[in-house]
Each structure stands twice: as structure tokens, then as C-alpha cells.
There are 2 protein chains.
Amino acid sequence: MRPSKRDELVQEALKVFYQNGFTATGMDMLVKKTGISKTSMYKHFRTKDDLILAVLRLRDEQLRNWFFRRVEELASSPLGQLLAVFDVLEEWFQQPDFQGCMFIKASSEFQCVDDPIYNQCTEHKKLMFNSVLKIVRELETDSGKLSPEIAEKLTRQLFLLKEGAIVLKHMRVSGSAGLEAKEAAVSLLQANGIRNV
Amino acid sequence: MRPSKRDELVQEALKVFYQNGFTATGMDMLVKKTGISKTSMYKHFRTKDDLILAVLRLRDEQLRNWFFRRVEELASSPLGQLLAVFDVLEEWFQQPDFQGCMFIKASSEFQCVDDPIYNQCTEHKKLMFNSVLKIVRELETDSGKLSPEIAEKLTRQLFLLKEGAIVLKHMRVSGSAGLEAKEAAVSLLQANGIRNV
DNA sequence: AACTAAGTGTACCGATCAGTAAGTATTGAT
DNA sequence: ATCAATACTTACTGATCGGTACACTTAGTT
């Protein structure tokens, strides 16, 4: 198999776009930073937007896999995993190269509703949401599982905390946004009658 | 006094930057959209970044004034105002030209910690935070006001909900993010022993 | 009438933008 | 050894970038 230039390009482009922004990063800068020739880039991707889409696909895979693998490493019960979500969030924030959520940032630069880049960003968030929802559905109350409606509502509320934490951490408004979100999450779980929280 | 071209420029530039992004909007596009000559622009602002800073200053003033005036119109008690924060948030989301938070987006494009634009964005968030904090400090529990530490912690949690709602609304992940945030806020207030919520 | 402040249009600067063309070097499989 | 795929270098396109130079108009003040 090929550990090809293409993958190498996408990986490096991810770093540059993440740190420098999408519009602000020119293809010539990518040539300089990756050492890959422009001809070669355009053989793999027809346009810059196509490259960005590939970068976002990689990031989606990377982040979701890493995130929920860590969650599973930290806890096995549904309740434990749900709380671990916020611990992993904080882990992410503490990484030295943390610069916010790539998808929030990309959707800030490509806001048009029918832009494929914008839509890929929303798709990522929906996938993250569904992964959290899956955990919430397994939670135990004193009277068994949550109703589907309550589970969805609770997940939406927890998701608000998560996204807010990402933004406020990136904007340096809050130093420990992950932990604050976790505390708030505990309150929300208790308010919904979750056992043993 | 002059209702001058300068103000006109900043107001129009705000709209264009908001809908189209900062880096993606060139000065020539601003000429086209505002009808103001480039010479004139550069007589008022030395650089594009200076113009952006002026735009953000205007936006900060506009948004904060509007937001908390609406909050005061909707309720007079501290508890009522705090809940009204999320109603006003939802009002904002329902405006047809809503395109997310200008400061979150600007800080996505200008991420460098020592960039004046980035710093003005964080400043706006801190001002918003302090305004909410001021309300929280007036809340009544069964045993009087909240301790300063609890008040700050609660405000941070509510702020997470607010920022999360902005992002998820902008990314069309949640259709009624303001109301969801409000429900979550109620739970957090109850969890902190606030009276009559 | 003379002066000033604030605005305009046009043309330009060098740099960079996304993307292409043409020709050459490197590589691995057969 | 040959062949084809892949990547390379260099140079280029036309458009646009942020920003400037210069000559002109307009309006208000004195």
C-alpha cells in the first residue's frame, strides 16, 4: 500500500489550516510548509476547496475516534462515560496546540448554507451529538431508562455545555472550561433524576 | 456634527464582514458595496485591520446595548432577567440575518494571541460575562445572596450554555438552541438553590 | 473670492491569489 | 532494461490582494 504523498499532504495541510485559518492560508504557503509541489497537490485535489474537504474528513475521523476511545478508556458505565466526556474535553484543551474546534472555525469562514464545507462541518457536529446521545440513552434513573424525548433534550443541553466550553476556552475567557462544563453537567444529570451521580 | 462617511462606512462594513467573513472580504468589495471611495476609506483608517477593529467596536456597543436593554424590558427581578437572557438570545437567533457571533468568527480568523483583533474579541466576551455576573449576584436563595464564588461559578456555567447555543444555532445543529439553553439554565438555577425559579 | 475639509475617480504599486503548462527526475513492478 | 506512475522544478496565467499617488469636485466658512 501507499503511505502516499496524498495522505501526507492532507495531514500537514490540517495543521496549517488549523493554526492559520483556511482563507488566510494560500496554496503557496502549503507548498512551503509541506515541501510538496503544487503540481502534485493539484493532481490529488482539483481545487483548494476539495483539499479543505479532505482535511475536514480526516479531522472528523481523527477527533471522533480519539475522543470516544478516550471516553471508553476512562469509564465503562454510561454515567461514568458521560462525565468522562468532559474530562476528555479538558484533556483536549490542555494539548499545547489546541486552537479551538476546526469545524466551528471552518463554518465561520464558509457560512453559505449550500457550501459543501459548511455542510461537512454541521455533519461532524451531528455525528458527535449522536455519539453522546447513544450514551445518554443507556443512563439509569430510579424508574429505568429515560424516555426518548427526555434523553434527546438532556443530550442537547449537555451538548450546549460542550460547545460553549470549546468556544470559551479558545477565546481564553475561561481557563478551565472543561471542568466547569462537567460541574454543570452533573447538575443537569441530577435534575433529570439520573442515579448515583 | 457630522453624521459622517466614517460612521456610514463602519456600519456597512459591519454587514459585509458579518455575512462574508473578514479575510474573504477585500477592500475593493467594500468599495463596491458601500459606494465609498477607497481613498476616503484609507483617510479614515490606516489599514484594513484598523477598520475591522472599528467594526468590532461598533458591534460590541450595538450588541451589548441591545441585548441588555431587551433583557430589562422583559423582566425586572434578577431571576426574571436571568431567564430573559435566554429569551433575548432566542430573539437574536430568529432575526433573519443572524449569522452567528461576530466575535467568535473574528477570533476564528485572527487567532494569534497578540493580535489586537483577537484581543478585542475576548474583551467583548468578558464584558458580556460581567453583565451576566452582575445579575447573578442579585439572585436570592433561601439563605440570602449567593457567595461570590458560587455566583461566579454559576455565571460561568450559564455562559457556557449561552455560547454553546450561539454556535449550535449558527451551525444549524439545533433549531431552538435558545430555548434549550433556557431549560438547562432553569435546572442550574434550581441546583444552586435559587428561589422561585 | 479665497481657502479649507472631505469627498471622488482612475490608475497604479508589488505581492499574492488559485490554478495550469511543459519538461524532467525518481521510483517500483515486470 | 523497460515502462508507467508519481512527483518534481520552473515558469506562467489573469485576477485579486492591501495600499498609494494624483488630480479633481464639492460644500461650508470667512
Side-chain angles (χ1 to χ4, degrees), chain A residues 1-56 105-106 108-112 114-118 120, chain B residues 1-58 105-106 108-112 114-118 120:
Chain A
M1 276 295 172
R2 58 183 77 83
S4 65
K5 284 277 168 182
R6 187 197 150 105
D7 299 352
E8 194 184 322
L9 165 60
V10 177
Q11 273 179 25
E12 290 300 314
L14 193 155
K15 293 183 196 167
V16 183
F17 282 138
Y18 185 53
Q19 301 291 328
N20 200 60
F22 296 92
T23 313
T25 301
M27 296 301 276
D28 289 298
M29 176 181 282
L30 288 181
V31 171
K32 207 173 298 179
K33 295 255 183 184
T34 65
I36 297 170
S37 70
K38 212 200 277 199
T39 326
S40 196
M41 290 183 181
Y42 278 97
K43 211 149 269 172
H44 289 301
F45 302 100
R46 275 182 48 261
T47 64
K48 184 186 179 184
D49 279 14
D50 281 355
L51 171 58
I52 294 177
L53 285 170
V55 164
L56 292 178
K105 296 195 293 185
S108 292
E109 294 197 49
F110 306 90
Q111 311 188 63
C112 189
D114 51 349
D115 190 317
I117 295 177
Y118 172 86
Q120 191 155 320
Chain B
M1 277 294 171
R2 55 187 77 83
S4 64
K5 285 276 167 181
R6 187 197 149 104
D7 299 352
E8 194 184 322
L9 166 60
V10 177
Q11 271 179 27
E12 291 299 314
L14 192 155
K15 292 182 197 167
V16 183
F17 283 138
Y18 185 53
Q19 299 292 328
N20 201 60
F22 295 91
T23 312
T25 301
M27 297 301 275
D28 289 299
M29 177 181 281
L30 288 180
V31 171
K32 207 173 296 180
K33 295 254 183 183
T34 66
I36 297 170
S37 69
K38 212 199 275 200
T39 322
S40 196
M41 289 182 181
Y42 278 97
K43 211 150 271 172
H44 290 300
F45 301 100
R46 277 183 45 261
T47 64
K48 183 187 179 184
D49 280 14
D50 281 355
L51 171 59
I52 293 178
L53 284 170
V55 164
L56 292 178
R57 260 186 305 270
L58 172 63
K105 295 196 293 184
S108 292
E109 293 197 49
F110 306 90
Q111 313 187 63
C112 189
D114 52 346
D115 190 317
I117 297 177
Y118 172 87
Q120 191 154 320

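Each chain gets a letter, A, B and so on, in the order the sequences are listed, and its residues count up from 1. Only this structure's heavy atoms are used, side chains among them; waters, hydrogens and symmetry mates stay out.
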K.L.:
Without decimals, in angstroms, what is the distance between Leu51(A) CG and dG19(C) P?
P.N.:
10 Å
K.L.:
Mark up nucleotides 19-29 of chain D, 5' to 3', with B wherever a protein heavy atom is under 4.0 angstrom from a base atom, S wherever such an atom reaches only the sugar-phosphate, and - elsewhere.
P.N.:
BBBB-------
K.L.:
Taking atom CD of Glu12(B) and atom NZ of Lys33(B), what is their separation to the nearest 0.5 Å?
P.N.:
10.0 Å
K.L.:
Dump the intermediate steps for side chain to side chain contact (heavy atoms under 4.5 Å, CB included) on Leu51(B) and Leu9(B), then the final yes or no.
P.N.:
CA-CA 9 Å; Leu51(B) 171 59; Leu9(B) 166 60; 4.2 Å; yes
K.L.:
Hey, are the side chains of Phe45(B) and Leu53(B) touching, using non-hydrogen atoms and a 4.5 Å cut-off?
P.N.:
no
K.L.:
Does any non-hydrogen side-chain atom of Asp49(A) lie less than 4.5 Å from one of Ile52(A)?
P.N.:
yes
K.L.:
Whole angstroms only, please: what is the CG-P distance between Leu30(A) and dG19(C)?
P.N.:
12 Å
K.L.:
Atom CD1 of Ile52(B) and atom C1' of dC17(D): how far apart are they, to the nearest Å?
P.N.:
13 Å
K.L.:
So for the helix from dA1(C)-dT30(D) to dT30(C)-dA1(D), with five pairs setting each end axis, what is the inter-axis angle to 10°?
P.N.:
10°
K.L.:
By the 4.0 Å heavy-atom rule, please label Ser40(A) as base, sugar-phosphate, or nothing.
P.N.:
sugar-phosphate
K.L.:
Rounded to the nearest angstrom, tell me the gap between atom CZ in Phe45(A) and atom C1' in dA7(D).
P.N.:
15 Å
K.L.:
Write down the distance between CE (Met41(A)) and P (dT20(C)), rounded to a whole number of angstrom.
P.N.:
14 Å
K.L.:
Given Lys48(A) and Leu30(A), is the side chain to side chain contact (heavy atoms under 4.5 Å, CB included) satisfied, shown in steps?
P.N.:
CA-CA 11 Å; Lys48(A) 184 186 179 184; Leu30(A) 288 181; over 6 Å; no
K.L.:
Just to be sure I understand the rule, does Thr23(B) reach a base, reach only the sugar-phosphate, or reach nothing, if contact means heavy atoms closer than 4.0 Å?
P.N.:
nothing
K.L.:
Please tell me if His44(B) has a side-chain N or O lying less than 4.0 Å from either OP1 or OP2 of dG7(C).
P.N.:
yes
K.L.:
What is the distance, to the nearest angstrom, from the CE atom on Met29(A) to the P atom on dC17(C)?
P.N.:
7 Å
K.L.:
CD of Glu8(B) versus P of dA6(C): gap in Å, rounded?
P.N.:
15 Å
K.L.:
Could you walk me through whether Glu109(A) and Glu109(B) pass side chain to side chain contact (heavy atoms under 4.5 Å, CB included), step by step?
P.N.:
CA-CA 8 Å; Glu109(A) 294 197 49; Glu109(B) 293 197 49; 4.0 Å; yes
K.L.:
Hey, is the main chain of Tyr18(B) close enough, under 3.5 Å, to the side chain of Lys105(B) for a donor-acceptor pair?
P.N.:
yes
K.L.:
Taking the inter-plane angle between the rings of Phe22(A) and Phe17(A) on a 0 to 90° scale, is it parallel (under 30°), tilted (30 to 60°) or perpendicular (over 60°)?
P.N.:
parallel
K.L.:
Without decimals, in angstroms, what is the distance between Lys32(A) NZ and dT10(D) C1'?
P.N.:
16 Å
K.L.:
Could you check Thr34(B) against Glu8(B) for side chain to side chain contact (heavy atoms under 4.5 Å, CB included), going step by step and ending with a plain yes or no?
P.N.:
CA-CA 8 Å; Thr34(B) 66; Glu8(B) 194 184 322; over 6 Å; no
